[in-house]
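Notes to accompany the following structure.
What's counted below: heavy atoms across the whole structure, side chains too, no hydrogens, waters or symmetry copies. The sequence lines fix the lettering, A, B, ..., with proteins before strands; numbering per chain opens at 1.
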Amino acid sequence: MEQKKTIHWADQTAEKIIETWGEKDLYTCASGITPSGTVHVGNFREMISVELVVRALRDLGKNVRFIYSWDDYDVFRKVPLNMPNPEMLEKYLRFPITMVPDPWGRDESYARHHEVDVETILPEVGIYPEFLYQASKYRSGTYAQGIRRALEMREHLKTILDKYRDEDHKIQGEWWPVAVFCSSCNRDTTQIDGWDGEWGLTYHCETCGHSETGDIRTLKGVKLVWRVDWPMRWAYEKVDFEPAGKDHHSQGGSFDTSKHVVEDVYGRKPPVTFRYDFIGIKGSPGKMSSSKGKVVDLYDLLRVYQPEVVRYLFAGTRPNTEFVISFDLDVIKIYEDYDRTERIYWGVEKAKNEDIEALERRIYELSQVDRVPEEMPYQIPFRHLCNLLQIHLGDIDQVIAALPGLKPSQEARVRRRAQCAWYWITECAPEDFRFSLRRPGERAGLSETEASALRALRDEVVANLEAYGGESEVAEAIYAVAQRCGIEPKQLFRASYQALIGKDQGPRLAGFLRAIGKEKVLAILEQY
RNA sequence: GGGCCGCUAGCUCAGCUGGCAGAGCAGCAGACUCUUAAUCUGCGGGUCGAAGGUUCGAAACCUUCGCGGCUCACCA
């Protein structure tokens with residue numbers, strides 16, 4: 001195992017972390033975002049990227065702290081399009097998001113609402129970070145020392161930030177590394193008037209006119225500006241690894257300036273990092289979600305993809321490449337890919353070569369919510385599952401009960417997949433893919449030739465359905481019937497589909513008949 | 001203006017410590033009386049964006065250029 005070269009990016013990153021920081025008792029991996037709106041799949045990429053690296057480190061026997069910062073002391077800058085009650089929210093612009101009311105009225109604040117959504121769902125994909133809440137950290141004076149340090153280094157900070165700005169964009173006039181939410185009106189529309197060289201900070205508010213001199217250690221509204229805040233927290237939490245989106249990762253971007261700030265001002269090396277790219281969406285995550293401003297979040301993903309497959313999407317893709325998450329026909333292919341990876345892991349299928357096999361195995365491990373199960377999970381192709389569910393009108397229990405050889409220990413995953421399949425077929429799949437079985441008694445409008453061929457099919461083939469060895473034998477029998485009745489096979493197929501599901505086409509008939517089951521088919525075809 | 005990423009088969013991409021250019025899909029041929037991207041078998045297909053350089057050897061490393069995208073300089 002040790003001899004093998006590391007091929008997965010998460011393991012490579014873990015090695016780089018150890019190489020950079022040396023052997024430590026505890027490695028800290030950080031992630032965080034501002035819950036200023038729905039936390040979408042793009043944000044999720046950061047969380048899962050960190051989580052995968054955390055796992056890789058732990059797999060190397062390391063002790064790891066995985067922190068997740070909610071930057072809920074940021075300003076509420078604009079009302080996102082997909083929010084309810086925008087008029088109410090409008091009134092709270094310039095407030096810290098943690099002091100904006102929850103427009104759904106469920107949680108104690110706007111920020112908290114988004115946080116709760118994420119914290120509730122993350123365990124489903126096996127992500128368990130330690131959450132840190134920046135609003136409460138700041139308001140409790142936790143960072144007072146760091147703030148004071150920034151004030152002391154004010155001129156140097158200004159130099160660092162100016163380094164990447166061209167002449168037209170140099171910081172003009174007085175600059176402070178801190179911003180203040182007014183104690184009176186809660187807005188950040190304040191100006192700093194002075195600092196006494198120790199803990200005293202004076203400001204006034206341009207909105208309400210409030211003016212005050214407070215102690216940094218107790219003045220709840222003080223916070224560092226972003227480009228100082230981030231590096232201060234790296235030092236405070238001793239962060240060894242934190243990735244960032246491409247918006248942060250460019251020369252002069254916030255990661256770049258933060259790197260200098262953490263070294264010069266807070267005396268610590270910058271964390272190991274990498275850049276993750278954006279995620280695109282293909283297809284629609286549901287009929288109801290086409291409204292304007294809809295952003296795709298983890299809930300949407302989990303309605304269509306079982307948790308292992310969600311992880312697989314991210315574990316199987318290098319973070320610095322852009323990729324799309326599909327809700328259209330590609331979903332079937334993604335599931336097939338996952339199943340193939342699973343078969344390779346369990347040695348049921350051969351990979352092209354050893355390198356690919358090793359990579360696939362690792363991707364599979366990292367895709368598991370918890371650990372790899374003790375036995376190979378029951379595999380049922382997503383497409384087939386969609387058909388079975390439609391035959392049984394979405395009754396998952398019935399479908400599961402009829403699966404041959406399914407062990408109780410394997411049931412949970414199949415059930416989860418079935419839930420996804422049913423959601424997908426009813427909400428996302430193209431119309432061509434959907435069907436529902438006719439009820440006994442319903443009759444399709446068929447010509448007499450078609451009806452008589454159908455009768456022959458019913459009496460000769462369907463009546464003996466279990467006698468056939470395999471699907472292809474059933475198929476052959478169907479063709480034999482067509483020939484004997486002097487009807488084009490195509491026409492017989494059409495008639496069969498019309499009789500069964502009221503459409504001209506459907507799933508491959510031989511397998512379809514078996515999937516529906518002899519009794520049911522006979523019941524539907526009885527009246528012809 | 002600075003920086004980052006990409007440019008490989010018709011399409012989507014893999015190939016990233018340099019060692020014979022790969023996969024999926026599409027295409028073509030054949031098979032199955034074949035429907036829900038039907039299935040199986042076989043085949044063809046690339047100046048690796050361009051030019052230089054390093055090297056026994058470059059798609060890969062270096063330099064320059066072209067094209068496309070993103071990003072920063074206001075705020076997080």
Rounded [atom1] spacing from [N] to [M] in Å:
N     : M     : atom1 : value
B/G45 : B/A31 : P     : 23 Å
B/G1  : B/G15 : P     : 32 Å
B/A38 : B/G22 : C1'   : 27 Å
B/C67 : B/C74 : C1'   : 30 Å
B/U71 : B/C11 : P     : 26 Å
B/G44 : B/C62 : P     : 35 Å
B/C25 : B/U39 : C1'   : 16 Å
B/C4  : B/G46 : C1'   : 28 Å

Using the ring centroid of each side chain, check whether A/Phe241 and A/Phe274 are separated by less than 6.0 Å. yes
Is the centre of the A/Phe76 ring less than 6.0 Å from the centre of the A/Phe95 ring? no
Could you let me know what B/C65 is paired to, Watson-Crick or G-U wobble, both distances under 3.5 Å, or none if it's on its own? B/G49
Strand partner of B/G30, provided both Watson-Crick or wobble distances fall under 3.5 Å: B/C40
Taking every non-hydrogen atom, the tightest pair across A/Lys223 and A/Asp74: NZ-OD1, 2.9 Å
For [X], which contact category applies under a 4.0 Å heavy-atom criterion: base, sugar-phosphate, or nothing?
X        : result
A/Lys333 : base
A/Arg340 : nothing
A/Gln483 : base

Starting from P on B/C16, measure out to CZ on A/Phe274 and report it in whole angstrom. 19 Å
Do A/Lys333 and A/Glu336 pass the salt bridge (charged side-chain N to carboxylate O under 4.0 Å, His left out) test, and can you show the C-alpha distance, the side-chain angles, and the key distance before you say yes or no? CA-CA 5 Å; A/Lys333 183 161 175 10; A/Glu336 281 173 2; over 6 Å; no
Whether A/Arg275 contacts B/U71 is assessed here as follows: a side-chain N or O lying under 4.0 Å from the phosphate OP1 or OP2. Is that the case? no
When you check the phosphate oxygens OP1 and OP2 of B/A73, does a side-chain N or O of A/Arg227 lie under 4.0 Å from one of them? yes
